[in-house]
Amino acid sequence: MTLTTRFAPSPTGPLHLGHAYSALLAYDLAQAAGGTFLLRIEDIDLSRARPHWEAQIYEDLAWLGIDWPEPVMRQSDRMESYRTALDDLWARGLLYACACNRRDIAAATSAPQEGAEPVYGPDGIIYPGTCREAGHPRSAGALRLNMAKALKKLDIAPLSFVESGCGPNHETGQITTSLDQLIATVGDVVLARRDMGTSYHLSVVLDDAAQGVTLVPRGADLFEATYIHVVLQGLLDLPKPIYHHHRLIRDDDGKRLAKRDDARAIALYRENGATPEDIRTMVGL
Ligand code: GLU
């Protein structure tokens, strides 16, 4: 099997050093194995995605010395596939419509026991299940995965994936989690946001499979989300790639870089005379 890696940025701001690290690592891993590096534009959030950021991504990556096969997959062209997967999960009774807003969820998680802290998972507060049995019509709101039902259907325990990089707590190799742990620490995640008709989790899993990605290099901040991805791969009968989480590039104060950190934007380094080699040195490659 040939190795296929990918870099999947969202065109919602300038690429910074953290993105450069991720992209170069994915590219180098593919090159070293005689494999393929793919680029995918994750533009499902149409309220934030902008064509000029997408153009800048192509420019920055080419400047870094990265090339990729055309055409580039763009998530905004893939809504039909996401919809088909949701139809399938809905028909199997694994989804429910959730009409809660953030405030409802915060209220439901803090009310019962005074002082009890809400539990946070990869997507924020673990959903308390308010709408799980409400029987709302599909159009009533976001679509959530009924995690307990999904895991029962999957009938794989423990759930596992192979990590060839390293999670935030140095997790590597065969990574496993118990189903109870998953229900408690991930819960009923949203698979289709009301405003998007899909979600990062659903789209990323379907797209990695559609593109034949065999190795997923990405930041360690997405390590926990991988459990959700593995559940979805099982439910949708998709191949499971190997994951390669990498350390996050931090600013001088130790904070991880975000899109708003324009000071670390590749384009700015380039304007100020840095070479692609300088960028490689800065990120430790
Ligand atoms: N689109 C995501 C981002 O820009 C990356 C998703 C992934 O690599 O799985 O952060």
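Note that ligands are numbered from 1 as they come in the structure, with each ligand's atoms numbered from 1 the same way. Predicted, not measured: the structure shown is a model, and the values here were computed from it. In what follows, residues are counted from 1 in the order of the sequence shown.
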The complete set of side-chain hydrogen bond (donor to acceptor under 3.5 Å, both in side chains) pairs with one or both residues in residues 174-185, sequence neighbours excluded, reads Ser160-Gln174
Using a 4.5 Å side-chain heavy-atom cut-off and chaining through intermediate ILVMFWY residues, the residues clustered with Val119 come out as Ile126
TODO: Step through it carefully: locate the ring centre of Tyr227, locate the ring centre of His201, and say whether they are under 6.0 Å apart.
DONE: no
Exercise. Within less than 4.0 angstrom of ligand 1, does Arg6 place any heavy atom?
Worked result: yes
Query raised in the report: Touching ligand 1 at all, Tyr200? Heavy atoms, strictly under 4.0 Å?
Result: yes
Below 4.0 angstrom from a heavy atom of [X], which ligand 1 atoms are there? Numbered from 1 as shown, please.
X	value
Glu42	1 (N), 2 (C), 5 (C), 6 (C)
Leu222	6 (C), 7 (C), 9 (O)
Val204	9 (O)

Rounding to 0.5 Å, atoms OG1 (Thr5) and CD (Gln211) come to a distance of 10.5 Å
**Request:** Measure from NZ or CZ of Arg247 to the centre of the six-membered ring of Tyr21, then state whether that distance is under 6.0 Å and the direction lies within 45° of the axis.
**Result:** yes
Q.
Arg218 versus ligand 1: do any nitrogen or oxygen atoms come within less than 3.5 Å of each other?
A. yes
